[in-house]
Amino acid sequence: MSAPVSEVVVWLILGLPVASFVLIAALYPVLRRYPAPAGWIAMLAIGGSLGISVWLLMEAIGAAGRPLDFETHELVDVGSLLITIGIRLDGLTAVMTVVVTAVSLLVQVYSTGYMRGDRGYARYFAYMSLFTAAMLGLVLVDNLVVLFAFWELVGLASYLLIGFWFHKPAAAAAAKKAFLVTRAGDLGLLAALIFIWVRAGTLDIATINTEVVGAVELGLLGQTTLTLFAVGLVAGAVGKSAQFPLHIWLPDAMEGPTPVSALIHAATMVVAGVYLLGRFFPVLEASATASDLIAWIGVGTALGAGLVAVVQTDIKRVLAYSTISQIGYMMFALGTGAYAAAFFHLMTHAFFKALLFLGAGSVNHATNTFDMRRMGGLRTVMPVTYLTFVIGALSLSGVIPLAGFWSKDEILIEAWDHQPAIFAIALVASGLTAFYMFRAIVLTFHGSYRGGGQPEPGGHGGDAAHPHESSWSMRGVLVLLAVPAVAAGFLTFGGEFQTWVLGALPHPEEGHFVFDLGVFLASTIVAAAGIGGAVAIYRLRLINVAALRTGMLRPVYRALESKLYMDLLVEDWLVRRFFHGGLVKAMARVDEQGVDRALDGVWHVSFEAGRWGRLVQNGQVQMMAVALVAGGVVVWGAVVLFWA
Amino acid sequence: MTIGLEHFLVLGALLFGVGLYVALAKRNAIGVLMGVELMLNAVNLTLVAFGRFVESEVALSTSVFVVFIIAVAAAEIAVGLALAMVVYRNRDTINVDRVNLLKW
Amino acid sequence: MGEGFPILSILVFLPLAGALLIALLPGQRVPWPAAAVRALPGNQQAHAKWIALAVAFATLVIALVLFVLFDRADSGFQFTDTFLWISAQDAGFDVSYAFGVDGLSMPLVLLTGLLTTIAVLISWRIDVRPKEYFAWLLVLETSVLGVFTSLDLIFFFIFWELELLPMFFLISVWGSGRRSYSAMKFVLFTFFGSAFMLVGFLVMGVVAGTFDMREIQESALAGAVLPVPAIFAFIFLAFGIKLPLVPVHTWLPDAHTDAPTAASVMLAGVLLKMGGYGILRLLFTLMPETAAAADVALAILAAVSIIYGAVITVRQTDLKRLVAYSSVSHMGFVLLGVAGLGVVGMSGAAMQLVTHGLITGMLFVVVGMIYDRTHTRQISAMRGLAHYLPLLSTMLVFAGLAGLGLPALAGFVSEVTVFLGAFGRHEPQTAVALVGVLLAAGYVLWALQRSVFGPRDERWRELQDVRAWWEFLPLGALVSLIVLLGVYPSVVLDVFELGVRPIAEGIAVFQPDIVESEALEVARLGRGG
Amino acid sequence: MDGVGHHLAFWSLAVITVGAALGILVSRNLIHAMVMLILSFIGVAGLYLLLSAEFIAVVQILVYVGAISVLMLFAILLTPRAARDNAETAMRYPGLILMGLVIAATVFVALETDWGAVREEPVTESARIIGQSLINEFVLPFEIAAVLLTAALVGAVALARRDDEDIDAHEQSLTLEGREDSGGSS
Amino acid sequence: MLGEVNLFGPQLVLMCVGGMLLVAELVVRDRRVLVAIAMAAVLGAVAYSAILLADGKVGRTAFDEVLVFDQFALFFQFLLGGVALAVIAASWDALARFPSRQGEYLALLLFSTAGLMLLAGTRDLIGIFVALELTSISQYILVGFHKDRLSSEAGLKYLLLGAIASAVLLYGMAILLGLSGSTNLSAIAEYVADGDSGVIEALLLAMVFLIVGFGFKAAIVPFQMWVPDVYQGGPTPIAAYLSVASKAAAFAILIRVFLEALGAELLSAHWSTIFAVLAVLSMFVGNILAIQQSDLKRMLGYSSIAQAGTILIGLAAITADRSIALGSGGILFYLAGYAVTNLTAFLVVIAVFNRIGSCEIDAYRGLGKRAPLLGALLAFSLISLTGFPPTAGFFGKVYLFDAAVQSDLAWLAVVGVVNSVISAVYYLRPVKAMFIDETASTVEMPARWRPNAPLALTLGLTSAGVLVIGLAPSLLIDVANEAVTIFVG
């Protein structure tokens with residue numbers, strides 16, 4: 001099937017943000033002083049990308065989500081290694097590009113308000129363009145190595161944006177942590193791609209999904225090979241998508257600007273892992289081990305992160321843990337075979353989580369803080385923010401008929417079919433979601449105002465003593481995002497969305513709408529319980545939280561507040577004590593004491609030998625004569641005795 | 001027992017060894033030179049003995065050799081003594097164990 | 001550039017001629033050869049650097065022209081320039097003056113030309129004995145170019161040894177810290193290795209009856225005084241020290257740290273490459289059977305170097321030393337790729353030579369520029385440089401990221417190629433080596449976090465960011481090349497493949513089961529079925 | 001050579017020669033050692049006679065006893081402030097051991113080697129024949145020896161002579177090598 | 001008869017002019033005239049050799065084979081003549097210290113050179129002995145020629161040791177003579193070739209005593225201990241002469257005696273091993289002790305011991321069938337390269353000593369600034385001694401090591417290369433002092449100065465030699481190999 005669109009046009013999706021990045025970088029000396037055009041350049045580019053994406057989505061819909069055929073280009077051809085680059089455009093890609101470009105555009109519009117007055121305004125938009133480009137590349141390409149390249153570039157953008165305010169040591173540290181932890185997972189992906197190439201001789205995604213999987217089914221290739229490959233993919237996904245045990249970077253990543261959190265750490269980049277596993281869904285399906293692995297990791301993460309979110313006092317961290325938890329949902333959805341549901345949730349989550357983050361950003365603009373203990377009562381001064389935030393929270397909590405409900409419901413149904421234990425845990429997590437979200441709403445918007453934070457020197461934001469509603473660009477974006485947060489779920493009714501996404505699979509099937517009354521009731525009850533509980537505890541103060549904290553729930557609290565000891569385990573024990581304190585020290589000892597010492601020893605010995613040797617040369621002529629004659633006699637004796 | 005080549009050779013060997021000891025152990029430079037002379041005499045004796053006893057054309061060359069050795073020995077001694085004098089002038093001693101400014 | 005035109009001789013000896021010209025420049029008056037530069041700005045001593053720049057640039061241009069003219073279909077030596085130099089009658093000691101380039105050496109020659117030009121540029125402010133400095137720099141270039149283009153073992157060895165003296169002087173006169181200790185250590189280590197290499201060469205030459213590396217056959221070495229593995233080991237020692245491999249790497253951090261910036265650039269950029277080049281050109285080409293048998297040991301050595309180097313790097317607090325130690329780790333990849341025995345691995349290894357040269361060269365350039373401004377190399381003493389030195393900090397971040405193997409930058413390509421090429425034969429070693437990538441991210445990011453990031457520090461308020469043309473030029477060139485090779489590696493990789501293919505074919509005779517990739521068998525079957 | 005006379009002559013000369021040499025070895029007085037040396041030379045001359053090498057014997061007496069010994073006596077007399085003893089240095093014991101080893105080696109070789117056919121009667125050899133061979137086949141060494149003697153003579157004179165500039169040179173060297181002076185003695 | 005004397009011509013020229021100088025000195029006191037006469041003599045001798053060569057006299061023998069004019073001898077005549085010229089030129093300043101004895105000095109130098117040339121060209125034990133003594137006695141006197149404390153001590157030590165060594169050598173010759181019944185090397189060779197094992201001990205003793213005697217001159221461990229003292233104490237030009245000319249001639253006679261007379265398998269197996277062991281010892285002892293030195297002259301003394309060890313590799317490297325001349329040819333090649341190299345080093349030392357009166361390495365600090373050219377030349381020669389390309393020393397070593405490898409002595413080559421590494425430690429020390437150390441020497445040093453003209457000229461020639469041999473060794477290798485073809489079976 002020849003593609004109805006020119007390849008160049010597709011590349012433009014990626015090319016426009018790249019151009020934006022290059023342009024801003026090139027004009028940086030000017031834009032540094034007069035930053036406003038930077039935002040326009042970036043938005044124009046991403047707007048263009050969005051336009052093309054939507055067009056392509058239409059095309060993809062037209063093709064029922066089946067991949068369109070594009071040419072591939074040779075990038076590297078050495079020996080048996082052939083790395084090509086080409087476009088993979090199918091329903092999945094089209095949906096992803098639209099989500100990415102749409103959220104991206106909205107976030108950038110929002111950013112023009114949020115970042116106004118920041119010294120790094122232009123730099124910010126350059127980074128954002130870079131990120132968008134990388135993310136689109138990740139989604140679009142058809143070769144595993146190239147995908148990996150974009151995968152890492154996305155990480156780079158994330159690194160740069162988390163560390164955007166690098167003058168804050170916490171931001172710099174968080175950026176490093178994010179990069180390192182995700183890279184640990186990336187190693188798995190790298191290993192997987194090396195492995196599959198060595199074993200199967202191809203890096204083409206489509207080939208792997210069809211021929212290689214087929215070869216395994218035919219017994220031409222070991223099942224282990226596929227499993228190891230899939231496990232490697234899972235490792236990569238776990239790192240990038242902040243799943244247990246590599247989730248620890250995401251909460252720290254909240255040190256970045258809030259729009260960044262919204263775009264990268266909620267809507268797009270962190271779900272790249274989901275995309276990756278979805279991309280290789282046939283592989284995952286073919287490997288039960290990997291499926292189970294990801295299912296249990298996902299659901300465990302969903303629950304654990306939900307628990308930790310309950311005790312967070314920083315609104316962004318609540319959202320971060322919520323993101324981790326929600327991605328856990330998508331992950332176990334993939335693990336349980338709910339491919340389409342996972343992506344449906346990915347899409348809805350992108351919108352409502354971005355909305356929530358941007359709402360948090362709006363609040364931050366007013367109060368100069370993310371600490372919910374210093375907020376309260378903002379409902380009256382920030383009505384738009386409040387309303388949209390509540391919509392987002394409801395959607396997230398899975399309240400019918402908002403978008404979140406439909407996507408989550410679909411996952412739960414599949415889980416129920418597949419593995420009731422997972423369903424049960426997911427249900428608990430769902431309740432927790434509702435609980436912590438409304439805890440956050442209550443603490444932030446209800447009650448009385450608790451003073452806000454100090455404005456940062458050189459930062460933006462206004463007078464925290466008198467909070468006010470944000471600028472039009474920010475409010476407008478919140479409203480715009482609220483629309484899909486409410487309505488995106490309706491795409492599922494005809495099974496359209498599922499059809500598009502399923503079209504990406506080698507053996508596509510017609511998507512259809514699923515609904516299960518039992519599951520619906522269960523999830524709704526749980527959500528209601530969560531909301532009710534939060535309101536009861538934090539608004540109506542039916543239970544004394546402080547007493548609980550110091551009372552019988554103290555160990556639980558401590559465990560939750562220390563993030564279930566994961567940071568401690570990794571940072572303190574693994575990195576600080578084992579790696580730095582043990583391994584590095586030991587090796588450095590070897591380095592300092594080993595080779596050089598040995599050489600010093602040789603040098604020392606020969607030097608000392610010289611020092612003593614020269615004493616023989618004591619200027620006594622008869623000493624010399626003795627040596628002379630003795631030399632002769634000894635040589636003769638030795639020869640006669642031993643050789644002759 | 002006939003007095004044969006071996007007798008002279010052993011005698012030469014003994015003389016050589018004693019001369020060597022004198023050269024190696026005596027502290028006076030002139031004493032050392034005496035030892036050297038003894039060694040050369042031992043060589044000469046050996047050569048002459050070869051010339052007397054060995055059945056070949058060697059006789060003539062040994063004699064000539066000995067003459068050359070004697071001449072050279074004389075020259076060597078002369079130069080040696082001259083050098084000893086110079087050392088004496090510089091150091092007021094000709095004891096070789098004290099002539100050790102140059103070392104290490 | 002017809003047959004017989006001694007273009008390579010000109011290329012190799014042009015820098016030497018330049019060095020002589022500079023050395024002969026009198027302090028006071030301008031002689032006729034230098035009269036041409038009378039009009040140029042600067043004082044008398046400035047002429048030295050202008051001449052050096054002109055010569056280095058001319059060499060670069062020649063190298064570039066050769067690279068363009070290089071016949072990409074011919075896997076043999078091109079532009080050869082040969083005559084019998086030493087012919088000892090009946091003594092079996094015939095040495096050829098033989099230059100030639102093939103796919104393996106061509107990019108390295110280009111790299112040398114480039115980095116020397118950059119080294120000259122970043123030394124623009126040298127005011128201690130500039131004449132000697134630039135002269136030595138050019139002598140160094142000649143020696144390195146000679147190593148990359150020699151086709152005769154003894155000839156090769158001469159250039160190999162010639163490189164020691166310029167480095168000795170560059171480090172010990174213009175260096176810092178314990179420079180004379182470091183210079184001596186460098187010389188002794190290298191000399192030690194090359195001494196054994198010489199014995200290896202001689203043994204080969206004696207038994208093969210020629211020192212011409214195009215004519216030596218491993219099968220002919222069987223009757224040598226030393227068993228072939230011993231010859232291999234002797235020569236490998238020299239290359240291992242140069243590369244450097246753990247445990248003979250300890251000269252490197254000292255030499256790098258104490259050398260002046262340009263010398264560090266040259267050292268990391270081209271001198272270390274001589275080790276990797278030698279392994280491919282001499283060991284694997286001339287002794288394929290032994291090489292094929294030694295691959296497991298080599299891969300283990302490589303993995304140890306990669307991990308050990310990276311772990312030690314983590315501990316460094318001196319920015320330059322950190323970069324230096326990272327070289328140990330990065331050069332381990334070269335050996336790993338080579339140990340893969342196939343075209344992919346060797347191409348990756350060769351590519352790693354170039355990319356490491358560019359990236360580490362750039363790191364040293366930037367660190368040197370930072371040092372020129374802050375007068376410290378201690379990471380703990382730096383903080384928030386990005387506030388006052390935005391461009392330089394960006395460059396440091398860029399180079400650091402390139403160093404940790406970020407895609408779209410050069411390092412990624414070579415590392416991935418190496419991994420792909422090595423994994424088939426050495427699964428455990430390659431798997432261990434993968435961890436090195438993570439460790440690299442660890443030390444690079446740690447260093448960046450503490451040096452360029454962080455709150456403003458008033459101490460650096462007065463610092464000037466990059467502004468001079470001689471600072472922009474090297475940075476710009478390096479950045480664009482790193483990006484170019486990262487995005488479109490084939491421009492160099494194809495040439496390398498041309499060079500390593502015969503080597504791999506030679507080895508394949510002894511190791512028919514070389515598995516780089518199960519050559520699409522499965523995929524084809526799957527498609528068919 | 002098996003007559004009683006031969007035996008008597010050989011053994012007595014041997015005793016004289018080696019005994020005198022040992023006398024030098026044990027003597028603590030340089031003059032005594034000198035006398036012993038002359039005695040030893042004479043003994044060797046006697047042995048030459050026994051070996052029918054009359055010409056060599058004469059030369060031996062003339063050069064060694066006549067010239068070299070006198071030279072040595074002069075040297076002794078010209079170094080009045082130098083120690084007069086003939087004591088041994090610290091090299092005594094190494095010297096003894098070495099003497100033993102060398103004698104063992106040379107005696108071993110002398111006795112164990114098959115020196116070939118032994119000539120019963122000595123070839124008659126006279127000063128004339130030696131002289132002829134010196135200007136025929138050995139003319140070259142002869143000429144060289146002449147130059148050698150010249151060189152030695154001239155050199156010895158040049159060394160022993162006191163020149164004005166030598167005194168300067170001596171003083172100069174004292175200042176130049178002043179550092180090393182502390183260890184030495186004068 | 002005249003034809004025979006003709007072959008003796010070069011040496012005769014030296015001897016006669018030497019005698020004339022002794023006389024001329026009484027009349028002429030002008031240093032220039034005397035030096036000119038001496039140089040003319042050397043040039044005349046060399047020219048004479050050249051004429052003989054051109055006249056096709058190569059291969060002739062004279063005086064009942066006592067003297068031989070072969071290519072081997074010719075090689076050394078040219079080499080030694082060149083060295084003598086350089087040493088005479090280098091003595092320009094030294095001569096000023098003893099104006100009344102200039103003639104003697106030069107004459108002795110000529111006599112000694114004549115002796116050395118003869119040494120390379122005799123095939124008779126008596127001739128060897130007399131030639132050796134001629135050169136030795138002249139050298140004893142020359143070493144003590146300053147007559148100061150150090151010089152006289154050095155002279156006396158050299159003489160006493162030399163006398164003992166000659167006695168030992170003579171004993172060895174006596175045994176050889178007694179066994180073979182001839183002083184002629186060919187006759188000895190015949191004897192050794194069909195010698196039976198019953199005389200092996202005697203032959204070995206003679207052989208070892210010859211090694212002692214010649215090894216003393218060549219400065220091989222353990223017969224080397226005089227070297228540093230004599231180099232340090234004697235006049236520096238004489239030290240240069242000893243380290244180059246004397247050593248060269250010693251190796252010449254070693255090659256001639258051992259290859260020609262004792263070359264039969266019966267002995268060569270033994271002496272090859274002995275030389276290998278002594279080579280190792282010499283290299284290690286020379287190098288390790290040289291590291292300790294602070295006086296450059298003394299350091300060069302130790303270095304010359306190590307160099308002797310390197311050269312010995314060539315003697316040890318005798319292939320079983322001796323079909324190739326690599327080892328001995330390598331020695332000749334190395335000796336020539338070593339001659340120009342070491343002369344360069346010594347000439348700079350002389351120049352510096354003449355100016356600042358010190359040979360301490362510390363005194364060389366800052367020399368690179370004060371006298372860049374001199375410093376560069378010293379550095380260049382030291383680099384050549386270490387064996388870095390592109391110098392004479394490099395090819396010399398490569399060639400000798402190649403010889404070792406060809407003779408299945410790869411281990412010896414390894415020891416050799418390891419020792420090259422060790423030697424870098426001390427050879428680079430003066431380089432560092434001159435060019436790298438910033439703290440200036442405490443010794444007063446004039447700002448910009450040049451050595452006297454003869455020295456400068458010679459220095460230019462020798463250093464050019466180092467470079468030329470390093471760049472185009474082919475010619476010299478051919479000549480050296482040609483010279484030893486007479487020994488090749």
Side-chain angles (χ1 to χ4, degrees), chain B residues 2-11 13-22 24-28 30-31 34 37-38 41 45 48-49 51-55 59-60 63-64 66-68 70-72 74-75 77-79 81-86 88 90-95 97-98 101, chain D residues 1-2 6-7 10 14 18 21-22 24-25 30 37 44 47-48 51 53 56 59 63 67-68 71-72 75-76 78-79 81-83 86-89 91-92 95 99 102-103 106-107 110-111 115-119 122-123 125 130 133 138 141 145 148-149 152 155-156 159-160 180 184-186:
Chain B
T2 321
I3 302 290
L5 178 60
E6 280 82 5
H7 289 81
F8 288 94
L9 292 184
V10 170
L11 191 61
L14 288 176
L15 208 53
F16 190 78
V18 175
L20 180 67
Y21 174 79
V22 171
L24 291 188
K26 291 295 175 183
R27 61 195 290 190
N28 194 302
I30 297 175
M34 289 179 188
E37 292 310 312
L38 280 181
N41 266 278
L45 186 58
V48 174
R52 163 66 182 77
F53 288 108
V54 173
E55 182 78 67
L60 196 62
S63 298
V64 174
V66 170
V67 170
F68 280 121
I70 291 174
V72 166
I77 291 296
V79 173
L81 291 174
L83 277 168
M85 298 291 297
V86 181
Y88 171 77
N90 278 315
R91 311 283 301 272
D92 271 1
T93 182
I94 50 172
N95 281 3
D97 56 343
R98 289 177 65 186
L101 288 180
Chain D
M1 235 195 253
D2 43 5
H6 275 128
H7 270 276
F10 174 77
V18 177
L22 287 171
I24 304 170
L25 194 153
L30 203 56
L37 183 69
V44 172
L47 287 169
Y48 290 157
L51 289 165
I56 307 282
V59 173
V63 177
I68 295 182
L71 208 58
M72 284 190 167
I76 294 170
L78 285 172
T79 53
R81 290 191 301 282
N86 192 27
E88 277 102 341
T89 58
M91 286 297 121
R92 186 184 314 163
M99 177 175 79
V102 166
I103 289 177
T106 47
V107 167
L111 297 180
W115 297 101
V118 169
R119 193 203 315 262
V123 278
E125 153 199 310
I130 293 176
S133 76
F138 291 113
L148 185 151
L149 286 170
L159 286 175
E180 284 151 296
S185 55
S186 49

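First the proteins, then the strands, lettered A, B, ... as listed; each starts at 1.
The two residues B:M34 and D:L37 have their closest heavy-atom pair at CG-CD2, 3.6 Å. A pairwise comparison of heavy atoms in B:V64 and D:S133 identifies CG2-OG, 3.3 Å as the closest pair. Residues B:M85 and D:L78 come closest through the heavy atom pair CE-CB, 3.2 Å. Of all heavy-atom pairs spanning B:A25 and D:R92, the tightest one is CB-CA, 4.0 Å. In this structure, D:I103 and B:G17 approach most closely via the heavy-atom pair CG1-CA, 3.6 Å. Of all heavy-atom pairs spanning B:A78 and D:A156, the tightest one is O-CB, 4.1 Å.
Contacts with chain D were tallied for B:V66, B:L83, B:L81, B:V86; B:L81 has the most, counting heavy-atom pairs under 4.5 Å. Chosen from B:A82, B:A84, B:A71, B:G19, the residue pairing most often with chain D at heavy-atom distances under 4.5 Å is B:A82. With chain B as partner, the option from D:A145, D:G95, D:A87 having the largest number of non-hydrogen pairs under 4.5 angstrom is D:A87. When the candidates B:I77, B:V67, B:I70 are compared by the number of heavy-atom contacts under 4.5 Å with chain D, B:I70 comes out ahead. Considering only heavy-atom pairs separated by less than 4.5 Å from chain D, the leading option among B:V79, B:I30, B:V72 is B:I30. The choice from D:L149, D:V18, D:L25 that makes the most heavy-atom pairs within less than 4.5 Å of chain B is D:L25. Interface check for chain D: of the options B:V10, B:N41, B:L24, B:L11, the most heavy-atom pairs under 4.5 Å are formed by B:N41.
At a threshold of 4.5 Å between non-hydrogen side-chain atoms, the residues D:Y48 and B:L45 count as touching.
For D:F10, the part lying near chain B is the side chain, with the backbone staying farther off; criterion is any non-hydrogen pair under 4.5 Å. With a 4.5 angstrom heavy-atom cutoff, B:V18 touches chain D via backbone and side-chain atoms both. Of the two parts of B:L5, only the side chain, counted from C-beta on, holds a non-hydrogen atom closer than 4.5 Å to a non-hydrogen atom of chain D. With a 4.5 angstrom heavy-atom cutoff, D:V107 touches chain B via backbone and side-chain atoms both. For B:L20, the part sitting under 4.5 Å from any heavy atom of chain D is the side chain, from C-beta outward, and nothing else. In this structure, the portion of B:N95 lying under 4.5 Å from any heavy atom of chain D is its side chain and not its backbone. For D:A75, the parts sitting under 4.5 Å from any heavy atom of chain B are the backbone and the side chain alike.
The distance from the OH atom of B:Y21 to the CD1 atom of D:I24 is 13.0 Å, given to the nearest 0.5 Å. Rounded to the nearest 0.5 angstrom, B:I94 CD1 and D:L30 CG are separated by 7.0 Å. Between the CZ atom in B:F16 and the OG1 atom in D:T106 there is a gap of 7.5 Å [rounded to 0.5 Å]. Going from atom CD1 of D:I56 over to atom CZ of B:R52 covers 14.5 Å, rounded to the nearest 0.5 Å.
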Can you list the steps and then say if D:E88 with B:R27 is a salt bridge (charged side-chain N to carboxylate O under 4.0 Å, His left out)?
CA-CA 5 Å; D:E88 277 102 341; B:R27 61 195 290 190; over 6 Å; no
